[in-house]
Amino acid sequence: MKIFLDTANIDDIDYYKDFIDGVTTNPSILSKYDVKNHKNTILKICRLVRSHVSVEVVSDTAEDMLKEGRELAKLHNQICVKLPCTYDGLRVCKILSEEGIATNVTLCFSATQAVLAAKCGATYISPFIGRLDDVGQDGLSLIDDICEIYRQQGFETNVLAASVRNSYHVTQAIMSGVDAITMSPKILKSCLEHNLTNVGLQLFAEDWKNRKK
Ligand code: E4P
């Protein structure tokens, strides 16, 4: 199972590089960092991680998305072209996949969308847990449904749990059998730390300091 960091913050990627395989970005994330030279930021990220770095197209039409996707893929062999789960996005996904370019179909909110992305050869499908929870639906059941359908049907597309809001989402998505999960540095920190670890460490240190000499 792969862990991706959902950020374009180079310092955070460097800090957590031993725990992560790759990185996912989106236009909102990239717009926060080095906007004038975002290609440079993407290349720096590729050098820090060993697996895919997802970068999303921002074009509106299939023709422009295709051109943009091919250009992004040329930047570095770790780039995974992120495409929206729309009619145009999926058509472009099929073409890029046939050309051997890695693809990540994003903004997936239903199992049927995930099936169609798999039919178009997507490398990853990114169902959004948190944004579904925000509108009163169950993001984790969607993850469970997609994992089960992909298993039953033998689809090779990797399920990449996205829009993760807490460590409970992380555990449950992994238990459903996702192939990958992406999370912000803040969520990764919360997965790593536990108050009882800190309290226990402090107690051990105090007992050691006060040991009989
Ligand atoms: C996934 O690749 C997206 O970048 C991300 O997980 C979106 O999460 P959000 O709903 O917290 O913006």
Side-chain angles (χ1 to χ4, degrees), residues 1-10 12-13 16 19-35 38 41-42 45-46 48-49 51-59 65 68-69 72-73 76 78-86 89-90 92-93 96 101-111 113-114 117-118 120 122-144 146-147 157-174 176 178-191:
M1 196 208 70
K2 286 183 176 151
I3 296 180
F4 294 117
L5 207 57
D6 206 22
T7 185
N9 184 311
I10 300 288
D12 284 337
I13 296 167
Y16 287 116
F19 305 101
I20 60 170
D21 296 281
V23 164
T24 53
T25 66
N26 62 38
S28 307
I29 288 173
L30 274 175
S31 66
K32 291 186 202 148
Y33 305 98
D34 199 4
V35 185
H38 75 281
T41 305
I42 293 163
I45 296 174
C46 288
L48 280 172
V49 295
S51 184
H52 285 128
V53 175
S54 288
V55 186
E56 194 162 338
V57 298
V58 288
S59 309
M65 278 186 216
E68 199 188 340
L72 283 172
H76 197 282
Q78 281 166 253
I79 300 240
C80 180
V81 178
K82 217 170 174 191
L83 298 153
C85 197
T86 58
L90 290 184
V92 173
C93 172
L96 292 180
I101 293 173
T103 52
N104 177 352
V105 173
T106 188
L107 293 167
C108 168
F109 294 98
S110 75
Q113 285 182 314
C120 290
T123 313
Y124 299 98
I125 183 70
S126 290
F128 277 39
I129 303 172
R131 292 195 199 185
L132 266 181
D133 287 1
D134 290 345
V135 295
Q137 293 183 44
D138 187 351
L140 284 171
S141 337
L142 174 64
I143 297 288
D144 214 30
I146 297 172
C147 287
T157 297
N158 294 285
V159 182
L160 195 177
S163 186
V164 162
R165 299 278 160 79
N166 49 55
S167 58
Y168 178 74
H169 280 165
V170 175
T171 316
Q172 295 303 309
I174 294 170
S176 290
V178 294
D179 305 283
I181 188 161
T182 188
M183 62 190 97
S184 65
K186 189 176 149 219
I187 303 292
L188 184 55
K189 185 174 189 283
S190 79
C191 289

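Both backbone and side-chain heavy atoms feed into the values below; hydrogens, waters and symmetry mates do not. Computed from a prediction, not measured in an experiment: that's the story for all the values here. Order of listing sets the numbers, starting from 1, for every ligand and every atom in it.
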K.L.:
Check for a donor-acceptor pair, side chain of D21 on one end and backbone N or O of F4 on the other, with a separation under 3.5 Å.
P.N.:
no
K.L.:
Under the side-chain contact (heavy atoms from CB on, under 4.5 Å) criterion, do L5 and T182 qualify, and how do the steps go?
P.N.:
CA-CA 5 Å; L5 207 57; T182 188; 5.8 Å; no
K.L.:
At less than 3.5 Å, what protein N or O atoms come close to the N or O atoms of ligand 1? Include the distances to 0.1 Å.
P.N.:
unit_1	atom_1	unit_2	atom_2	d
ligand 1	2 (O)	K82	NZ	2.6
ligand 1	4 (O)	D6	OD1	3.0
ligand 1	4 (O)	D6	OD2	3.4
ligand 1	4 (O)	N26	ND2	2.8
ligand 1	4 (O)	K82	NZ	3.4
ligand 1	6 (O)	D6	OD2	2.7
ligand 1	6 (O)	S163	N	2.8
ligand 1	10 (O)	R131	NE	2.7
ligand 1	10 (O)	S163	OG	2.7
ligand 1	10 (O)	R165	NH2	3.0
ligand 1	12 (O)	R131	NH2	2.8

K.L.:
Only counting residues at least two apart or in another chain, list the ones meeting side-chain hydrogen bond (donor to acceptor under 3.5 Å, both in side chains) with T157.
P.N.:
none
K.L.:
Rounded to the nearest 0.5 Å, what's the gap from NZ on K186 to CG on N166? Could you check?
P.N.:
10.0 Å
K.L.:
Backbone N or O of S110 within a donor-acceptor pair of the Q113 side chain at under 3.5 Å?
P.N.:
yes
K.L.:
Pick out which of T24, T25, N104 makes a side-chain hydrogen bond (donor to acceptor under 3.5 Å, both in side chains) with S54.
P.N.:
N104
